[in-house]
K.L.:
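Sharing a structure here in structure tokens format.
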Amino acid sequence: MANIIEITDFMAPELDVYARLSEGQLLNRHEPHKGMFIAESPKVIERALDAGCVPVSFLMEHKHVEGEAKELIARCGDIPVYTAEFDVLTQLTGFKLTRGMLCAMYRPKLPTVQEVCKEAKRIAVLENVVNPTNIGAIFRSAAALNMDAVLLTPECSNPLYRRAIRVSMGTVFQVPWTFLCEEKKVFTWKEDGVKFLHNLGFKTAALALRDDSVSIDDAALMAEDRLAVILGTEGDGLASSTIADCDYTVKIPMSHGVDSLNVAAASAVAFWQLGNKDAKVGE
């Protein structure tokens, strides 16, 4: 049965997760099992629930309790549903809520790289991509354009940051992903990352602006059975050592004197051309 709670005290500690905790505090590196994230809008919340994420509480406009959120609330048992009028929620959070609805959820335990890549034919590897908006856009393209998984180096922005989730439209809950962790210093991405991908059975393609690059529609590149498409950080792109270690260096042909695309735009072009053509639409 729904546990509807009218907001009367802006400073109530149970509202900290929505109004006062930073992304770093929500992540909770010291106690990862207590880490949380914020899902925003009915579609994103639905996708998170479908992926098995565990809800903690809702924050929403009055009108949604018996409206758009009714089925979502029913799926979540008796967790608290904090509610108020739209202008009150805007005052509480400091900005307008997308579709007037938020849900705090526990962060799921990340799978291993091996689990994520076990059946994958095409994966995206993000090297030090730090902008959450770009992370979210890359995930949305990965989901739409037949990439089987996403791997991120430890310096990347977390895909469960609120802006990344929102920009991705919840596809961060649909595309398998994990970090290329460097626990116990078994390997470091800079020195051993590409070799690690080779050991998993992938050929590697670095997106980079190099004169010796092959075109993105190169026949040999497209024919590879298992391919890791590696994209670099905003501005500087991929590290020279990463490019040197890859099997292919790939360049997107351009015109009108444009020399590069934003990493999110480049990912969409690359995924469309190189994505898993055997993937079933709708999976």
Side-chain angles (χ1 to χ4, degrees), residues 17-18 21-29 32-41 43-56 98 102-118 120 122-183 189 193 197 207 228-234 238 262-268 270-271 275-276 283:
V17 64
Y18 298 108
L21 295 186
S22 67
E23 292 283 17
Q25 289 171 315
L26 287 172
L27 181 58
N28 199 349
R29 295 182 187 277
H33 64 285
K34 296 182 180 179
M36 288 189 283
F37 66 89
I38 304 296
E40 185 173 354
S41 84
K43 174 58 71 176
V44 172
I45 294 169
E46 180 182 28
R47 286 177 170 169
L49 291 173
D50 289 345
C53 295
V54 178
V56 177
T98 303
L102 303 176
C103 184
M105 296 182 166
Y106 287 115
R107 288 175 177 263
K109 182 180 179 181
L110 288 179
T112 66
V113 174
Q114 288 79 4
E115 289 170 338
V116 166
C117 295
K118 184 177 180 181
R122 293 290 186 270
I123 64 172
V125 181
L126 309 185
E127 180 184 272
N128 305 349
V129 178
V130 297
N131 187 312
T133 297
N134 284 335
I135 292 286
I138 291 169
F139 266 87
R140 190 171 182 179
S141 293
L145 302 171
N146 295 322
M147 299 304 287
D148 300 315
V150 178
L151 301 179
L152 305 97
T153 62
E155 291 78 10
C156 285
S157 180
N158 195 292
L160 294 186
Y161 283 167
R162 181 171 169 175
R163 181 177 293 275
I165 295 172
R166 183 168 68 246
V167 173
S168 82
M169 287 298 295
T171 55
V172 293
F173 305 113
Q174 296 178 309
V175 179
W177 65 271
T178 196
F179 280 97
L180 285 156
C181 294
E182 301 180 4
E183 295 177 4
W189 168 254
L197 295 173
L207 260 68
V229 180
I230 308 178
L231 301 112
T233 186
E234 301 88 348
L238 289 171
N262 165 274
V263 64
S267 75
F271 299 165
N276 182 4
E283 284 190 341

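None of these values were measured; they are calculated from a predicted model.
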K.L.:
Please identify which of these residues, Ile135, Thr171, Val175, Val167, meets the side-chain contact (heavy atoms from CB on, under 4.5 Å) condition with Arg140.
P.N.:
Thr171

K.L.:
Check whether Ser168 reaches the backbone of Gly136 with its side chain - one donor and one acceptor, N or O, closer than 3.5 Å.
P.N.:
no

K.L.:
Has Ser22 got a side-chain atom pairing as donor or acceptor with Gln25's backbone, closer than 3.5 angstrom?
P.N.:
yes

K.L.:
Considering only heavy atoms from C-beta outward, does the side chain of Ile123 approach that of Cys117 to under 4.5 Å?
P.N.:
yes

K.L.:
Please report the C-alpha distance between Leu152 and Val129 in whole Å, then the side-chain angles of each, then the deciding distance to 0.1 Å, and finally whether the side-chain contact (heavy atoms from CB on, under 4.5 Å) criterion is met.
P.N.:
CA-CA 8 Å; Leu152 305 97; Val129 178; over 6 Å; no

K.L.:
Which heavy atom in Ala264 sits nearest to a heavy atom in Ile138, and how many Å separate them?
P.N.:
CA-CG1, 3.9 Å

K.L.:
Any chance you could measure Phe271, atom CZ, to Arg122, atom CZ, to the nearest 0.5 Å?
P.N.:
12.0 Å

K.L.:
Taking salt bridge (charged side-chain N to carboxylate O under 4.0 Å, His left out) as the definition, give me every residue that meets it alongside Lys109, ordered by chain and number, with sequence neighbours left out.
P.N.:
none

K.L.:
What pair of heavy atoms forms the shortest contact from Pro111 to Val116, and how long is it?
P.N.:
CG-CG2, 3.4 Å

K.L.:
Ala266 and Leu231: which non-hydrogen atoms are nearest, and at how many Å?
P.N.:
C-CD2, 4.4 Å

K.L.:
With a 4.5 Å limit on heavy-atom distance, are the side chains of Val56 and Met36 in contact?
P.N.:
yes

K.L.:
Taking atom types as modelled and ignoring hydrogens, do the side chains of Asn134 and Glu234 form a donor-acceptor contact shorter than 3.5 angstrom?
P.N.:
yes

K.L.:
Say you draw a straight line from CD1 of Ile45 to CG of Asp50; how long is it, rounded to the nearest 0.5 Å?
P.N.:
12.0 Å

K.L.:
Centres of the Phe37 and Phe173 rings: under 6.0 Å?
P.N.:
yes

K.L.:
Mind listing the closest non-hydrogen atom pair of Pro132 and Ser157 along with its distance?
P.N.:
CG-OG, 3.4 Å

K.L.:
Below 4.5 Å, heavy atoms only, C-beta onward: do Leu102 and Ser41 meet side chain to side chain?
P.N.:
no

K.L.:
With distance as the sole test, does Thr153 use its side chain to make a donor-acceptor pair with the main-chain N or O of Asn128 at under 3.5 Å?
P.N.:
yes

K.L.:
Keeping the roles fixed (side chain from Arg107, backbone from Lys34), state whether a donor-acceptor pair exists under 3.5 Å.
P.N.:
no

K.L.:
Kindly indicate, with the supporting measurements, whether the criterion side-chain contact (heavy atoms from CB on, under 4.5 Å) is fulfilled by Leu160 and Leu26.
P.N.:
CA-CA 10 Å; Leu160 294 186; Leu26 287 172; over 6 Å; no

K.L.:
Hey, what do you get for CE (Met105) to CD1 (Ile165), rounding to the nearest 0.5 Å?
P.N.:
9.0 Å

K.L.:
Would you find a donor on one side and an acceptor on the other, under 3.5 Å apart, between the side chain of Trp177 and the backbone of Val172?
P.N.:
yes

K.L.:
If every non-hydrogen atom of Leu238 is compared with every non-hydrogen atom of Leu207, which pair is closest and at what distance?
P.N.:
CD1-O, 3.6 Å

K.L.:
Go through the steps to decide whether Leu151 and Thr178 satisfy the test side-chain contact (heavy atoms from CB on, under 4.5 Å), and finish with yes or no.
P.N.:
CA-CA 5 Å; Leu151 301 179; Thr178 196; 3.8 Å; yes

K.L.:
Considering only heavy atoms from C-beta outward, does the side chain of Val113 approach that of Leu180 to under 4.5 Å?
P.N.:
yes

K.L.:
Answer yes or no: is there an ion pair linking Glu40 with Arg162, defined by an N-O contact shorter than 4.0 Å?
P.N.:
yes

K.L.:
Within the 4.5 Å heavy-atom criterion, are Phe179 and Cys156 side-chain neighbours or not?
P.N.:
yes

K.L.:
Is there side-chain contact between Gln174 and Arg47, with heavy atoms separated by less than 4.5 Å?
P.N.:
yes

K.L.:
Do the side chain of Tyr161 and the main chain of Thr133 share a donor and acceptor less than 3.5 angstrom apart?
P.N.:
no

K.L.:
Mind listing the closest non-hydrogen atom pair of Gly170 and Val44 along with its distance?
P.N.:
N-CG2, 3.7 Å

K.L.:
Check whether any side-chain heavy atom of Val150 sits under 4.5 Å from a side-chain heavy atom of Leu126, and report yes or no.
P.N.:
yes

